[in-house]
Each structure stands twice: as C-alpha cells, then as structure tokens.
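What follows is one structure encoded as structure tokens, with my remarks underneath.
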Amino acid sequence: MYSEKVMDHFSNPRNVGEIENPSGVGTVGNAKCGDIMRMYLDIDENGVIQEAKFKTFGCGAAVATSSMATELVKGRTVRQALEVTNKAVMEALDGLPPEKVHCSLLAEEAIHAALWDYAEKNHITIDGLEKP
Amino acid sequence: MYSEKVMDHFSNPRNVGEIENPSGVGTVGNAKCGDIMRMYLDIDENGVIQEAKFKTFGCGAAVATSSMATELVKGRTVRQALEVTNKAVMEALDGLPPEKVHCSLLAEEAIHAALWDYAEKNHITIDGLEKP
Amino acid sequence: MIYLDNAATTKVSEEVFEAMKPYFCEQYANPSAIYSFAGKAMKAVEESRKSIADLIGAQSNEIYFTAGGSESDNWAVKSAAECCKAKGKHIITSTIEHHAVLHTCQYLEKQGYEVTYVNVDEHGVIRLDELEAAIRPDTILITVMAANNEIGTIQPLKEIGALAKKGGILFHTDAVQAYGHIPLDVDELGIDMLSASGHKFHGPKGIGFLYVRKGVRIGSFVHGGAQERSRRAGTLNVPGIVGIGAAACRAAASMQERQERETALRDHLIRRVLAEIPFSRLNGHGTDRLPGNANFCFRFIEGESLLILLDQQGICASSGSACTSGSLDPSHVLLAIGLPHEIAHGSLRLTLSEETTMEDIDHTVDVVKKIVERLRSMSPLYEDFIRQNRKKDEEA
Amino acid sequence: MIYLDNAATTKVSEEVFEAMKPYFCEQYANPSAIYSFAGKAMKAVEESRKSIADLIGAQSNEIYFTAGGSESDNWAVKSAAECCKAKGKHIITSTIEHHAVLHTCQYLEKQGYEVTYVNVDEHGVIRLDELEAAIRPDTILITVMAANNEIGTIQPLKEIGALAKKGGILFHTDAVQAYGHIPLDVDELGIDMLSASGHKFHGPKGIGFLYVRKGVRIGSFVHGGAQERSRRAGTLNVPGIVGIGAAACRAAASMQERQERETALRDHLIRRVLAEIPFSRLNGHGTDRLPGNANFCFRFIEGESLLILLDQQGICASSGSACTSGSLDPSHVLLAIGLPHEIAHGSLRLTLSEETTMEDIDHTVDVVKKIVERLRSMSPLYEDFIRQNRKKDEEA
Ligand SMILES: Cc1ncc(COP(=O)(O)O)c(C=O)c1O
Ligand SMILES: Cc1ncc(COP(=O)(O)O)c(C=O)c1O
C-alpha cells in the first residue's frame with residue numbers, strides 16, 4: 001500500500017518532538033477526521049529554519065508526511081519553506097495512495113500554520129502566506 | 001437418482017418387443033412430452049394374460065415402468081391387471097424421483113389402453129375400465 | 001472413464017490447482033487487510049486480474065470477480081436495466097441464451113421491462129436483420145451469448161457490437177463457453193460487458209468475472225464492503241481468483257494449439273457419427289462452432305436413456321444443459337433451431353477437452369452406435385417408421 | 001507471525017483442505033449431471049448440507065449455498081423486501097450491522113422502503129425496548145446480527161425472535177461471526193433466515209449459505225439454472241461446499257472446548273491490556289461477547305499507525321473491519337456505542353482462533369504496550385493532555 005519511502009519515514013520518523021519556546025508552532029487537522037499535525041519551527045534572525053519538529057496523531061501517511069515536511073523545511077528560509085507544497089512532500093515520498101493525499105495537504109497546512117504563528121509573534125507579514 | 005430396481009429394469013428390460021396379432025395393443029403418451037409407451041397383450045380365452053410385450057420411447061423411468069408393468073400383468077386375469085395401478089408399479093420399483101412419477105401413470109394408462117383395445121376387438125365391456 | 005461433458009464443467013488442471021494450493025492454509029489472509037501478510041494475497045489477486053484482462057484485450061480495472069457465470073450474467077443484465085432505465089426499458093436478447101440470461105430477462109419483464117427475443121437460423125446463428133429491426137429508441141441493452149452451450153454455435157459478435165454501437169446501446173455477451181476457448185477481443189468486437197466462469201476452462205468452480213468497459217456505469221449487485229471498487233462486496237475468494245487467473249494464463253498460452261487439435265477431433269467425431277449412424281443429424285453450425293462441441297440428434301430415441309446407457313459404458317455425456325436435467329421440456333435451444341419436439345428429445349452433446357484423445361472419440365462412436373441401435377429396437381416410433389416404410393415399399 | 005485477525009478471515013484447517021482436495025482434479029463433475037460420476041459429487045454436496053444444517057438444528061432442505069456472507073445477507077434482505085411488499089415496506093435493523101446488511105438497507109431505502117435503525121447500548125447490545133417500539137403493522141423484516149464483527153457483542157436473539165414472532169414478522173440474522181463459534185438453534189431462537197460464511201470458521205473463502213425456514217417464501221437472487229431448488233442458479237461450487245461442510249463438522253465437534261479455551265485466553269488478554277496500558281478501554285460487552293474477540297481503544301493514538309507497527313513486529317491485527325480499511329471514517333460500530341470520533345479512531349481488534357496460544361497473547365500485549373507508548377510520545381493529543389494535567393496539578 002505505501003511506498004518504501006513512506007514506510008521508512010513512518011517507521012523512523014525524523015524530527016519527532018517538541019521545541020521549547022519555538023519561533024512558531026502550528027496545529028492543523030482535527031481528531032474527528034483522524035489526523036492532527038503539530039509543527040514546531042525554530043527560525044533564526046535571518047529567517048532560516050534552524051530546526052523543525054513535529055507531533056502527529058494519525059495514520060502512517062500522516063506521520064510520514066509530517067516527517068518529510070520537517071526534513072524539507074529544515075535549513076530553508078521562510079520563503080523557501082512556503083514552496084514546500086503538498087505535491088513536493090508527496091513526490092519526496094514517492095507518492096501516496098489516493099485516499100491518503102489529504103495527509104500531504106495537512107503537512108503543507110502545518111508548515112503554513114507554524115509560519116503564520118511566527119509571523120504573528122514577530123509582527124511581520126510573509127508574502128503569499130494566508131491565515132490558515 | 002434411480003433406485004437399483006429401476007436401473008435393473010432399465011438396463012435389462014423384461015418383455016421388450018412386439019406380439020404378432022395381439023389380443024390387445026395400446027399406445028399412450030406423446031413424443032412432444034418425450035414418452036411413448038406401446039403395450040401388447042396376448043390374452044387367452046379365460047381372460048388370462050399369457051404374454052405382455054412393450055416398446056417405449058422415453059427416459060430411464062419410462063422404460064423401467066414399462067418393463068415392470070408387463071411383468072406385473074403377465075399371468076394375471078384382465079380384472080387383476082386393472083388393479084396394477086401406477087402406485088403398484090412405483091412400489092414394485094422401490095419408488096421413482098418426483099419428476100418421474102408421470103412415467104408410472106403412463107404405464108398404468110398403457111395397460112388400460114391395451115385392455116380397451118382387447119375389449120373393443122371382442123365386443124365386451126370390462127367393468128371399471130374407461131376409454132383411455 | 002471417458003469424460004465428454006466439458007461444456008458442463010472441466011477438470012481443474014493440475015497446474016491451476018498447484019497455483020491455488022498455497023492460498024488455503026498458508027497465504028490465507030484477507031487481502032483487504034493492512035498488514036504485509038495480506039499484501040501478498042492482494043498481489044496474487046491483482047496478478048490474476050491482469051491475466052484475465054489480457055486474454056480479452058481489457059484493462060485490469062475493468063475486471064470484477066464474481067462467483068461464476070450466472071452471477072455475472074445476472075449482474076450485467078440487471079445492472080444495465082437499472083442504470084439505463086431513464087433512457088428506456090427495452091432489452092434485446094436471443095432465443096438461445098443460457099437460462100442465466102433468459103430467466104433474468106423474464107424476471108425483468110415482470111418488473112416492467114420489455115424484452116425482444118430475436119430468433120436464430122437453423123444453425124443457431126442469430127438473425128442479424130431481425131436484431132437490427134428490433135432496435136428502438138428505448139433499447140438499452142443487447143445481450144447475446146458469444147457461443148452457445150448446447151450446440152456450440154459462435155455468434156457474429158462483431159456485427160452485433162457494431163449495431164449496438166450505432167444505436168448507442170450497451171452490448172453484453174455471455175462468454176462463459178467461449179472465454180479461454182476462442183480468441184475474443186473486447187475492443188475489436190465492441191463488447192461493453194462480458195461474463196465468464198472459471199470452471200469452464202479448467203479453472204475452479206465458484207469463481208467467475210464480469211468485464212465492464214471503462215466508462216460504462218454499473219451498479220452493485222452484492223452490497224456491503226468496499227471490495228472490487230465497492231461494486232461487489234464480499235471477502236475476496238483468493239484461491240478461486242488465483243485459480244481462474246492461472247487458468248486464463250494457461251488458456252492464453254495454448255489457445256491456438258488446443259483449438260486446432262480439438263477441432264480436428266471434433267470433425268472426426270462428427271464425420272463418423274453422421275456416416276455410421278442412420279437418421280442422425282448435427283445440431284449447430286458446421287464450422288462456426290466451438291472447437292470442442294458436437295451435438296447430435298438421433299431420431300426415434302430419447303436422450304436420457306441414451307445417457308444412462310453411455311454412463312454404464314463409462315462415458316460421461318449430456319443432453320441439453322446439465323442444469324435442466326430432470327426437466328421434462330426438451331432444450332429450448334433445439335426447439336429454437338426448428339427441431340420438432342420428438343427429435344429435440346433425442347439429443348446428445350459430446351464436449352471435448354484438451355485431454356480427449358482420438359481413441360476416446362472412436363470408442364465413443366462405437367458405443368453410441370450400439371446404444372442407438374438398441375434403443376431403436378425398443379422404440380415404438382422406430383417401429384412405426386419401419387412399418388410405414390415397408391408399406392410404402394409394398395405399395396410402390 | 002502471530003495472526004490475530006480471525007474475524008477478518010481464518011486459515012483453512014488442514015482437515016478441511018484434505019476433504020476438499022479430491023473435488024478439484026478428480027471428482028470434478030458438475031453434480032447436476034446425470035451420470036454416476038456426478039452422483040458422487042452430488043452426494044458430497046448433500047452430506048455437507050446436512051452437516052451445516054445439523055449445527056443449527058435445521059433441515060438439509062432449508063440450506064441454500066451462496067458465495068459468502070455478503071451474498072447471503074443481500075439475498076435475505078432483498079428477497080424478504082420483495083416477497084413481503086404487499087404487506088408493507090418497513091424494515092427494522094440495528095445501527096451496528098455489517099455493511100452487507102446496512103448498505104443493502106440503504107439501497108432498499110432508495111427503492112421506497114423505510115428502514116428503522118435501532119440503537120445499541122454502550123456495550124453494543126440492541127435496545128430491545130426501542131426495537132419493540134419500532135414494530136409497526138407494515139414491518140416485514142427484522143434483521144439483527146447474531147454477534148458483531150468488530151466488538152464481538154452477542155445479541156439477545158431469543159428475545160428478538162420472540163418479538164418478531166409476536167408481530168408476524170420475518171427474522172433474519174447475520175450469523176457470519178457467530179456460526180461455528182457459539183451454539184445457535186434456529187427453532188429455539190425463532191430465526192427464519194440466517195447467513196453464514198465459510199472462511200470465518202476455518203472453511204474456504206467464496207462459499208457461504210443462507211438458512212431459510214421451511215415455509216418462508218424466498219425469491220431467487222441469482223436467476224438461471226435449476227440448482228438449489230431453482231432458488232440460486234450457478235454450477236455448484238463442489239470443493240467449496242465440501243469445505244464449508246467439513247468446517248461445520250469440525251466446528252460442531254470442538255465447539256465447547258474451543259469456546260472455553262478461547263474465552264480464557266481472551267479474558268487474560270483483556271485483563272492484561274486494561275491493567276498495563278493506561279487510558280485503554282474495552283469495547284463491547286464484558287461477557288456476552290464472542291469467545292475470540294477483544295476490541296480496545298487507546299486514547300491519543302490512531303489505529304492505522306498502531307496496525308503498521310504491529311505488522312512490523314509480525315502481528316496481524318485490525319482496526320474496524322477489514323473491508324473498510326483505507327476509509328477515513330471511524331467505525332460506525334464504535335460511534336454507535338457512543339465513543340467520540342477521536343477515541344474511535346484509536347481502536348484495535350484482536351481476534352483469536354483455536355491456534356492462538358498464551359505465548360502469542362502475552363507477546364502481543366508486550367508489543368502493543370511499547371507501540372502505544374511510542375505513538376503517544378509523538379501524539380499532539382497526548383502532549384496537550386499531559387500539559388493540562390500538569391497545569392491542573394500546579395494549580396492544585
Ligand atoms: C458480520 C458479518 N457479516 C457479513 C460479512 C460478509 O461476509 P463475506 O465477506 O464472506 O461476504 C462479514 C465478514 O466480512 C461479517 O463479519
Ligand atoms: C453459456 C453459459 N452461461 C452461463 C452459465 C452459468 O455459469 P455458472 O454455472 O458458472 O454460473 C453457463 C454454464 O453453466 C453457460 O454455459
């Protein structure tokens with residue numbers, strides 16, 4: 001059902017955990033649908049994402065997309081992180097079963113939510129970022 | 001499907017054939033339904049059936065009931081032959097499958113038809129025998 | 001034993017059985033489950049689906065597994081009726097369909113559908129002119145079998161497909177006797193739905209499939225779980241599915257060779273019977289017939305007696321179709337090709353398989369010959385016929 | 001591998017497979033044929049029918065073979081609807097039926113029938129008072145499952161049967177999970193129709209049956225040949241039928257022993273899980289449940305992740321029913337017993353068989369414990385819960 005990449009990121013998820021006093025944190029999804037993702041970002045003064053951590057309640061694909069999403073934003077600037085779309089996450093995982101595509105959307109939303117929090121905390125606006 | 005008795009009478013039918021100048025002969029059934037029985041009787045001056053022969057076009061049960069019917073009437077008087085009902089034939093064969101019961105009726109009719117022919121030829125009436 | 005009733009069912013080939021075997025006690029998972037143990041079963045299911053699709057030029061996702069030919073026929077016909085009823089309620093079929101189609105049509109007639117039963121000619125070929133004339137604006141389905149189970153006649157599917165296409169009408173074919181025996185290509189023939197059954201081509205009983213062309217709407221026949229893309233509920237019969245797939249594979253590999261071999265045996269059988277048994281006739285088409293099918297009528301005798309006596313000589317054969325044995329009516333197919341009742345009652349179907357040998361055929365003809373003689377000697381119809389002939393001779 | 005998904009499907013037992021084996025390549029006849037070769041197959045079919053009937057106190061001629069539980073359910077419900085529509089168009093069922101019944105009911109609703117879905121209590125037991133209150137003069141069918149496939153709760157069939165009888169209403173029960181596992185007697189329980197499926201009790205997949213009480217009218221579901229007293233067309237699946245019969249025989253012989261053994265293992269499993277894994281709960285009834293069924297919810301985690309990690313440790317289990325895996329909705333059964341969505345998402349069903357050992361159970365509990373811990377450590381819901389508790393502690 002899942003690609004090897006998905007299984008790898010599910011079985012050995014990268015960047016699980018919390019960040020104390022994060023630059024931004026965002027939680028998306030809801031328990032009713034069976035998926036919740038929380039993403040923590042540590043962003044330095046140059047707008048570069050130094051660290052990304054996540055916690056996820058959800059299926060294998062939800063965990064794997066969270067893990068991949070944190071990998072993809074780490075070391076990137078805020079602007080670059082905005083380009084990590086659900087497609088990018090899916091491709092990096094060698095695809096997802098059709099009924100699991102929504103998980104990758106959730107991952108994209110989690111990035112955006114964390115960035116929004118960062119922007120609000122720092123009273124800045126990030127071009128192209130909408131309120132999640 | 002068939003009892004051993006039926007199979008025996010089908011495989012080794014008794015009294016197959018014709019009688020030249022029979023005392024009575026009767027043919028019943030029709031090809032449309034898939035069964036035709038012809039019964040020949042040789043009846044002596046005392047009204048005793050000396051010989052009975054048959055020819056049958058039909059299924060295994062049709063052949064077996066014809067064979068059994070000839071056996072049951074042989075050596076009997078005309079009156080006794082009238083008592084060889086379809087039930088008697090069936091019982092003598094240890095039963096028939098439900099969809100084959102009509103064959104035993106045909107055998108009874110064949111006896112009656114041959115007896116009717118005998119009665120007509122001899123200008124007599126046989127009590128309890130109706131025109132077939 | 002000489003088994004010449006391969007149209008009723010076939011022996012599961014050893015290879016097919018070997019392929020199925022692991023799926024009973026070892027790879028027994030429910031393929032819909034999530035664990036990897038189930039993944040292996042699902043893989044086997046999908047491989048089977050592909051083999052089955054390949055043989056008729058279809059795609060895997062156009063194949064839906066069922067419990068056999070009857071279910072496939074019921075599903076196709078009832079579902080087409082249901083899905084297209086907004087367009088109309090008229091169905092066209094032939095007079096010689098299998099009961100799985102005929103009785104389904106009769107059921108639909110009670111539900112307010114109208115069915116035209118198109119006649120066949122004396123060889124059992126559907127009358128295309130009648131078929132064309134029967135098409136109406138409210139015709140929603142044409143269902144005509146690929147090859148007849150009794151007399152083996154192969155129908156002009158391509159022409160029927162073209163008529164259906166022209167009229168924008170769904171075309172279903174009951175290919176239960178044809179699939180795996182003669183080449184069929186759903187695109188070339190313009191087939192929208194096709195039924196087949198595993199046990200007719202050395203696969204197992206209790207498994208079949210319905211091909212449904214992509215884009216053709218089809219309702220559920222069995223409601224429930226999400227199996228078969230939510231179209232046919234029920235835990236997948238994995239060993240059965242593996243078996244029918246393996247049988248399709250085998251059939252594909254040996255199709256031409258088998259066809260040639262069986263046709264040669266069949267023609268030898270037909271030649272000998274017609275030459276050596278008087279008052280016999282071949283039913284069905286002389287050449288457009290299934291490679292393994294021979295169907296005869298022997299005047300003055302009745303089929304069941306013949307079958308029982310053949311059985312006593314170790315020969316398995318049939319008269320009409322197996323599932324109507326025990327019925328009093330003669331075959332609707334033989335009546336449809338114009339035979340009178342008393343002749344239709346005296347039919348014998350001998351159907352060959354890849355295992356049938358020339359010795360089997362020759363021995364069978366010898367035995368049939370003797371039995372026919374014997375039954376005629378006790379037949380009042382034959383007696384009458386001989387008497388009349390004698391009388392004619394005397395008069396002449 | 002530890003296989004704890006016996007409610008999804010079971011391994012065909014070696015004895016059952018041995019019984020089936022001759023019917024593929026040796027005794028392959030179509031049992032409807034006339035020759036003696038077919039008679040042997042037919043005898044095997046009738047012996048199976050008797051074994052199956054015996055296990056529920058029925059007569060052989062009340063058993064109709066089908067392709068499985070889903071077909072049996074569809075047939076029973078649709079046929080009752082069709083046959084009784086002159087009396088009324090109201091059907092009563094429960095909210096926790098299998099989709100084979102629920103989706104069939106939904107289909108009938110589209111056809112103009114009215115369906116009342118009676119609620120269950122928190123243990124999954126149907127509310128008899130609601131059921132009684134739902135009965136109307138136009139109620140034609142009550143269909144309530146014998147035991148639930150997810151949470152294992154056994155329903156009060158006798159009480160339901162009595163209510164049905166009082167109202168002159170047909171009573172169908174989906175006994176797919178119960179047949180062969182717990183004693184059932186159709187007369188004692190007042191059951192008019194009963195569905196079962198071979199692969200749920202160590203028989204093969206693709207074969208099931210419908211029991212129909214003598215005198216109850218039933219229409220054809222599959223039209224065609226005269227098999228099964230013209231009620232269900234299609235060449236009989238002889239190996240499948242022999243298999244389900246052999247499985248019924250085996251089940252009858254070992255019923256009590258199995259029940260006791262599995263109940264003991266199950267209770268040990270339940271005790272350990274509830275004692276050793278915090279925030280876990282048992283779904284379904286504490287005692288009125290299938291011997292082999294345990295179903296848990298673990299708060300803060302999601303079922304699929306748990307299943308994949310179990311799979312990686314060689315344990316086959318399920319969450320919800322197999323055929324809805326991949327669906328985004330949580331189990332309708334867990335919602336029906338009153339669980340909120342987020343808890344219903346975190347369920348685990350472990351279903352035992354006669355082959356399950358105490359070691360399997362203990363090892364499974366150890367593994368589940370670790371996985372639950374691990375998943376909680378990455379769960380934002382658990383994080384929130386711990387934070388709130390800490391806050392409360394600090395406030396206190
Ligand atoms: C309660 C219940 N009913 C019906 C079914 C359907 O049975 P099958 O999958 O054999 O068609 C199942 C199992 O899948 C079941 O557990
Ligand atoms: C032409 C045809 N259609 C349908 C069927 C029904 O197939 P099954 O018996 O596998 O359901 C048969 C054989 O019995 C057949 O010969």
Side-chain angles (χ1 to χ4, degrees), chain C residues 1 3 5 8-12 14 17 24-25 28-30 32-37 67-71 73-74 98-100 103-104 107 197 199 204-207 220 222-227 233-240 304 307-308 310-311 316-318 321-327, chain D residues 1 3 5 8-14 17 24-25 28-30 32-37 67-71 73-74 98-100 103-104 107 197 199 204-207 220 222-227 233-240 304 307-308 310-311 316 318 321-327:
Chain C
M1 186 184 81
Y3 184 75
D5 201 15
T9 198
T10 58
K11 177 171 151 176
V12 173
E14 301 282 351
F17 181 59
F24 292 100
C25 307
Y28 58 83
N30 185 325
S32 307
I34 202 170
Y35 32 79
S36 42
F37 178 47
S70 300
E71 183 189 333
D73 284 343
N74 274 255
H98 189 269
H99 285 139
H103 289 169
T104 302
Y107 164 79
S197 190
H199 70 100
K205 295 175 176 65
I207 187 81
S220 280
V222 180
H223 293 85
Q227 294 91 351
T235 300
L236 293 174
N237 174 357
V238 183
E304 192 201 276
L307 293 187
I308 302 179
L310 278 170
D311 183 30
C316 298
S318 83
S321 56
C323 48
T324 51
S325 298
S327 124
Chain D
M1 185 182 82
Y3 184 75
D5 201 14
T9 199
T10 57
K11 176 170 152 178
V12 174
S13 89
E14 301 281 351
F17 182 58
F24 292 100
C25 307
Y28 58 84
N30 186 324
S32 308
I34 202 169
Y35 32 79
S36 42
F37 177 47
S70 300
E71 184 189 332
D73 285 341
N74 273 254
H98 188 268
H99 285 137
H103 289 168
T104 301
Y107 163 80
S197 191
H199 70 99
K205 296 176 174 65
I207 187 81
S220 280
V222 179
H223 294 84
Q227 293 91 353
T235 301
L236 293 174
N237 175 359
V238 183
E304 192 202 275
L307 294 188
I308 302 179
L310 278 170
D311 183 30
C316 298
S318 84
S321 56
C323 48
T324 51
S325 297
S327 124

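Only heavy atoms go into these numbers, but all of them, side chains included; no hydrogens, no water, no symmetry mates. Order of the sequence lines sets the chain letters (A, B, ...), proteins ahead of strands, with each chain counted from 1.
Comparing C/Cys316, C/Ala29, C/Gly234 by heavy-atom pairs within less than 4.5 Å of chain D, the highest count is held by C/Cys316. Your options are C/Pro204, C/Gly240, C/Ser220, C/Ala233, and the one with the most heavy-atom pairs under 4.5 Å with chain D is C/Ala233. Comparing D/Glu14, D/Lys11, D/Glu71 by heavy-atom pairs within less than 4.5 Å of chain C, the highest count is held by D/Lys11. Here C/Tyr35 is the residue among C/Tyr107, C/Tyr35, C/Phe17 with the most heavy-atom pairs under 4.5 Å with chain D. When C/Pro239, C/Gly69, C/Ser36 are compared by the number of non-hydrogen pairs under 4.5 Å with chain D, C/Ser36 comes out ahead. In terms of non-hydrogen atom pairs under 4.5 Å with chain D, the most contact-rich of C/Thr104, C/Ile308, C/Leu310, C/Val238 is C/Thr104.
With sequence neighbours excluded, the residues forming a ring-ring contact (aromatic ring centres under 6.0 Å, His included) with C/Tyr28 are C/Phe37, D/Tyr3, listed by chain and number.
Formation of a donor-acceptor pair under 3.5 Å by the C/Asn30 side chain with backbone atoms of D/Ala8 is found in this model. Between the side chain of D/Asp311 and the backbone N or O of D/Leu307 there is no donor-acceptor pair closer than 3.5 Å.
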**Message:** Evaluate C/Thr235 against D/His199 for side-chain hydrogen bond (donor to acceptor under 3.5 Å, both in side chains), listing each step before the verdict.
**Reply:** CA-CA 9 Å; C/Thr235 300; D/His199 70 99; 3.2 Å; yes

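Both the backbone and the side chain of C/Asn237 come within contact range of chain D, each with at least one heavy atom under 4.5 Å from a heavy atom of that chain. Interface remark: D/Ser197 contributes no atoms to any contact with chain C (heavy atom separation under 4.5 Å). Proximity to chain D (any heavy atom under 4.5 Å) is shown, for C/Ile207, by neither the backbone nor the side chain. Both the backbone and the side chain of C/Phe24 come within less than 4.5 Å of a heavy atom in chain D.
Between D/Ser32 atom OG and D/Leu236 atom CG the span is 5.5 Å, to the nearest 0.5 Å. A distance of 8.0 Å separates CG of D/Asp73 from NE2 of D/His98, quoted to the nearest 0.5 Å.
Closest approach of C/Ala33 and D/Asp5 over heavy atoms only: CB-OD2, 4.2 Å.
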